[in-house]
Protein chains: 2
Amino acid sequence: MAPKIKDVAKQAGVSVTTVSRVLNGEKYVKDDLKARVKRAIDELGYAPSHIARSLVRKKTNLIGVIVPDLTSSFYSTILSSIEETASLNDYNLLVCNIIEDTDKEFKYLNVFNEMRVDGIIIMHEKLNDEIRAFLNKLDIPIIFSSVRPSDQTFLSVIIDDYAAAFDATHYLIELGHQRIGFIGGDMRDVTSGQNRYIGYRGALSERNIPIVDEYIRFGDYKIQSGYNLMKEILACGTHPTAIFAVSDDMAVGAMNCVHDHQLKVPDDISIIGFDGSQLTELVRPQLSSMEQPIQDMGKVTVETLLDLISGDAETPKEDIILKHKLVVRNSCGPYREDK
Amino acid sequence: MAPKIKDVAKQAGVSVTTVSRVLNGEKYVKDDLKARVKRAIDELGYAPSHIARSLVRKKTNLIGVIVPDLTSSFYSTILSSIEETASLNDYNLLVCNIIEDTDKEFKYLNVFNEMRVDGIIIMHEKLNDEIRAFLNKLDIPIIFSSVRPSDQTFLSVIIDDYAAAFDATHYLIELGHQRIGFIGGDMRDVTSGQNRYIGYRGALSERNIPIVDEYIRFGDYKIQSGYNLMKEILACGTHPTAIFAVSDDMAVGAMNCVHDHQLKVPDDISIIGFDGSQLTELVRPQLSSMEQPIQDMGKVTVETLLDLISGDAETPKEDIILKHKLVVRNSCGPYREDK
DNA sequence: TTGAAAGCGCTAACAG
DNA sequence: CTGTTAGCGCTTTCAA
């Protein structure tokens, strides 16, 4: 059995209180006692039980994180940033990978509650009623990262998805494209689904470019989905000369589809992605993308959550909007007459 | 403050023991009491404290996981599988992303210890002396996944890296290639560094194909590294007609480099990767790869660790070797005279 | 400066 | 079947 504080006390010939004091770096301990305690700790290889500490301190230094898909380049990167920031602040991550599995999510939320985690980070916005109700009853600070659920009860760290989608589409228009297709997300998602779609339409409307329903498809943000939707779009009579996909994954899927149809990106079809994931630099041609500040998003999410946890007065009441940024690589070219 | 078991007991007019009993699904509780307790739990929105339970049960249902790089396709996939299996068995994951940061790893290992996690999964093999010593003193079950550290103290779930590398190289030879380059890993790593290298050499030797040092480079498994090493190899007078890269990431980097030099895969150079990560199907041409059973590896790792934790007699004393598998896609072609 | 003792929220003998 | 009670390993008054 691992040694306990009592064993250390005995070994050092002091009371447990004194041991506790040196453990917690308190001042009022004479140097010689402190030294004896430290030696005893070393000799016994003692490590304080975080469990016992949590019980009395009512603080676990645990953050529960709900990720939609660990294997996605976007989420794994943001998670990595979350982990880094948490670690820097002496917090640890309990991660749950829910793959569209609502039951699993609910179960984990319950576990987080029982674990008495200090805070919860959620990275998807498809909350069902059961979960929404549960979340509202929970008195654990909750923050959403990269998404905002439809009700405004919780704080979110996001970008302005409407503006970002608008700007991405605008970029394609500026390149001279008129037939611009849209590979969208889930319209049940406000931020990544609806807002990006509206932004796309907004940019076209502003220039009086007709909106062609045939060029517009919705999927699930994944590569395969991008591939399939692109296939449908290519089946249109005169297909678009440019595509705006609302995730890099979908954009890559679309690129692959174009490739498999013996067409060239960007010569035949320009494609712009969204997110700024690692994929952008990994594919050929490299993917231009409307990028979210992924690293920063993770960092800000954790820092804001920690403020929420510590009950800091300065904690923002409104969503935190980070800046998006167009990063041009090689997947978009000017419109060419002959195509 | 969240309600405690005592509150439930009072509300239901029973003792805390009875509440504890229905909480733990014990038999000897009369139905009417059971019903009253359940109602009280609902009314109060009571959730038992995992902290308190852990303290008395001496079991946390926590598994600490050390991942070298969360954003890597290989590790995020295996982590995803680990998470799934753990969740199925009511275990939760504490994840630590160490990015070649030994201090962070040491710190986390200490945290795992203080948290009294029930088991630890480690996915890298570069243990320094300090960490090795710490691990040996720890009396928490530890298992290595996808790697095996040089000393045999701990159990590993791996493939036969020598055989896999041999087979991959052999495949290229069968395609008629004689000038076969090698993009390797870190030679301090026994499994993914040394064994794969020896396997490569073994396959060449078997056919009496001379080993050309110029065609052999070592890196860090990442895309950028593969890119850079390929660049060096292409700078050789007569460059190889085929490349074996010991990670899919490096293989993709090499492919990109070939592409950026206006050469074609596989027409000019064949490339085979290693791992079987998601990247293989995402790039064009799709990458042939010597695949590890990633999903299964995560699953087996957790299941074996759980056996270790429960002290099952059947727990294997020797490393668990899973089967590798060559998956042919479009990145390797037959040797052509004209190239 | 130091220590004794109460208690964090729960489980598990041990009685009844 | 049900309740009393003693801890689990630590922090924290409160006294000394």
Side-chain angles (χ1 to χ4, degrees), chain A residues 1-38 40-41 44-62 110-118 139-140, chain B residues 1-38 40-41 44-62 110-118 139-140:
Chain A
M1 208 67 256
K4 4 190 151 193
I5 197 171
K6 207 173 167 183
D7 302 321
V8 177
K10 197 169 296 172
Q11 176 93 350
V14 298
S15 74
V16 293
T17 314
T18 300
V19 177
S20 174
R21 283 194 177 108
V22 347
L23 244 32
N24 295 291
E26 275 180 38
K27 308 179 72 173
Y28 305 114
V29 182
K30 268 194 183 152
D31 286 349
D32 63 324
L33 279 200
K34 196 180 292 183
R36 262 157 59 198
V37 170
K38 285 191 171 159
I41 288 175
L44 267 44
Y46 169 77
S49 160
H50 187 90
I51 307 286
R53 283 183 150 174
S54 298
L55 187 60
V56 28
R57 289 180 179 168
K58 296 176 177 316
K59 184 149 185 354
T60 54
N61 279 51
L62 245 33
N110 272 289
V111 170
F112 287 170
N113 182 210
E114 296 185 358
M115 290 264 193
R116 305 295 193 253
V117 299
D118 292 335
D139 71 342
I140 297 176
Chain B
M1 208 65 255
K4 2 189 153 192
I5 197 171
K6 208 173 167 182
D7 301 320
V8 176
K10 197 170 296 172
Q11 175 93 351
V14 299
S15 74
V16 293
T17 314
T18 301
V19 177
S20 175
R21 282 192 178 110
V22 346
L23 245 32
N24 295 293
E26 275 180 40
K27 309 179 69 174
Y28 305 114
V29 182
K30 266 192 185 156
D31 286 348
D32 62 326
L33 279 200
K34 195 180 292 183
R36 262 159 57 196
V37 169
K38 284 193 171 158
I41 288 176
L44 268 44
Y46 169 79
S49 160
H50 186 91
I51 307 287
R53 281 182 154 174
S54 297
L55 187 59
V56 27
R57 288 180 180 165
K58 296 176 175 316
K59 182 146 184 359
T60 54
N61 278 51
L62 246 33
N110 272 289
V111 171
F112 288 171
N113 182 210
E114 296 185 357
M115 290 264 194
R116 305 296 193 252
V117 299
D118 293 335
D139 70 342
I140 296 176

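Within every chain, numbering begins at 1; the chains are lettered A, B, ... in the order of the sequence lines, protein sequences first and strands thereafter. Being a predicted model, the structure only gives us computed values, none of them experimental.
- Side-chain atoms of Asn61(B) and His50(B), non-hydrogen and from C-beta on, do get closer than 4.5 Å to each other.
- Close to dC10(D), at under 4.0 Å from its OP1 or OP2, lies no side-chain N or O of Arg53(A).
- The side chain of Val56(A) has dC8(C) as its nearest neighbour among dT13(D), dC8(C), dC10(C).
- The two residues Tyr46(B) and Ile5(B) make their nearest non-hydrogen contact at CE1-N, 3.5 Å.
- Separating the CZ atom of Arg21(B) from the P atom of dC14(C) is a distance of 14 Å, rounded to the nearest angstrom.
- For dG16(C), neither phosphate oxygen OP1 nor OP2 lies less than 4.0 angstrom from any side-chain nitrogen or oxygen of Tyr28(B).
- As rounded to whole Å, 13 Å separates atom P of dT12(D) from atom NZ of Lys59(A).
- Atom CD1 of Ile41(B) is separated from atom C1' of dG9(C) by 14 Å (rounded to the nearest Å).
- In plain terms, the two heavy atoms of Arg116(A) and Thr60(A) that are nearest each other are O-OG1, 2.9 Å.
- A side-chain contact (heavy atoms from CB on, under 4.5 Å) with Val37(A) is found for exactly one of Leu23(A), Val29(A), Val19(A), namely Val19(A).
- Picking from dC10(C), dC10(D), dT2(D) the nucleotide with the shortest atom distance to the side chain of Lys30(B) gives dT2(D).
- Atom CG of Leu62(A) sits about 7.0 Å away from atom CG of Asp118(A), to the nearest 0.5 Å.
- Within a 6.0 Å sphere centred on NZ of Lys34(A), other residues, nucleotides and ligands contribute more than 12 heavy atoms.
- A sub-4.0 Å separation between OP1 or OP2 of dC8(D) and a side-chain N or O of Lys6(A) is absent.
- The end-to-end axis angle of the helix from dT1(C)-dA16(D) to dG16(C)-dC1(D), rounded to 10 degrees and based on five pairs per end, is 40°.
- In the interface, the side chain of Arg116(B) is not paired with the base of dG9(D) through any donor and acceptor atom under 3.5 Å apart.
- The phosphate of dT11(C) has OP1 or OP2 within less than 4.0 Å of a side-chain N or O from Arg57(B).
- We find that CD of Glu26(A) is positioned 13 Å from P of dG3(C), with the value rounded to whole Å.
- At a threshold of 4.5 Å between non-hydrogen side-chain atoms, the residues Val16(A) and Ser20(A) do not count as touching.
- Rounded to an integer number of Å, the gap from Asn113(A) CG to dG9(C) P is 14 Å.
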Requested in this report: Go through Thr18(A) and Ser15(A) one step at a time and tell me if the side-chain hydrogen bond (donor to acceptor under 3.5 Å, both in side chains) criterion holds.
Outcome: CA-CA 5 Å; Thr18(A) 300; Ser15(A) 74; 3.3 Å; yes

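- Along DNA chain D, the nucleotide nearest to Lys34(B) and the one nearest to Leu55(B) differ in position, and the one closer to the 5' end is contacted by Lys34(B).
- For the pair His50(B) NE2 and dT11(C) P, the interatomic distance rounds to 11 Å; values are reported in whole Å.
- Here the nucleotide nearest the side chain of Ile5(B), chosen from dT11(C), dT2(C), dT2(D), is dT11(C).
- Among the heavy atoms of the strands, none lies under 4.0 Å from Ile51(B).
- Residues from residues 10-20 of chain A that place a heavy atom under 4.0 Å from any atom of DNA chain C, listed by number: Val14(A), Ser15(A), Thr17(A), Thr18(A).
- Comparing dT1(C), dC10(C), dG9(D) against the side chain of Lys4(B) picks out dC10(C) as the nearest.
- A straight line from NZ of Lys58(A) to P of dT12(D) spans 12 Å, rounded to a whole angstrom.
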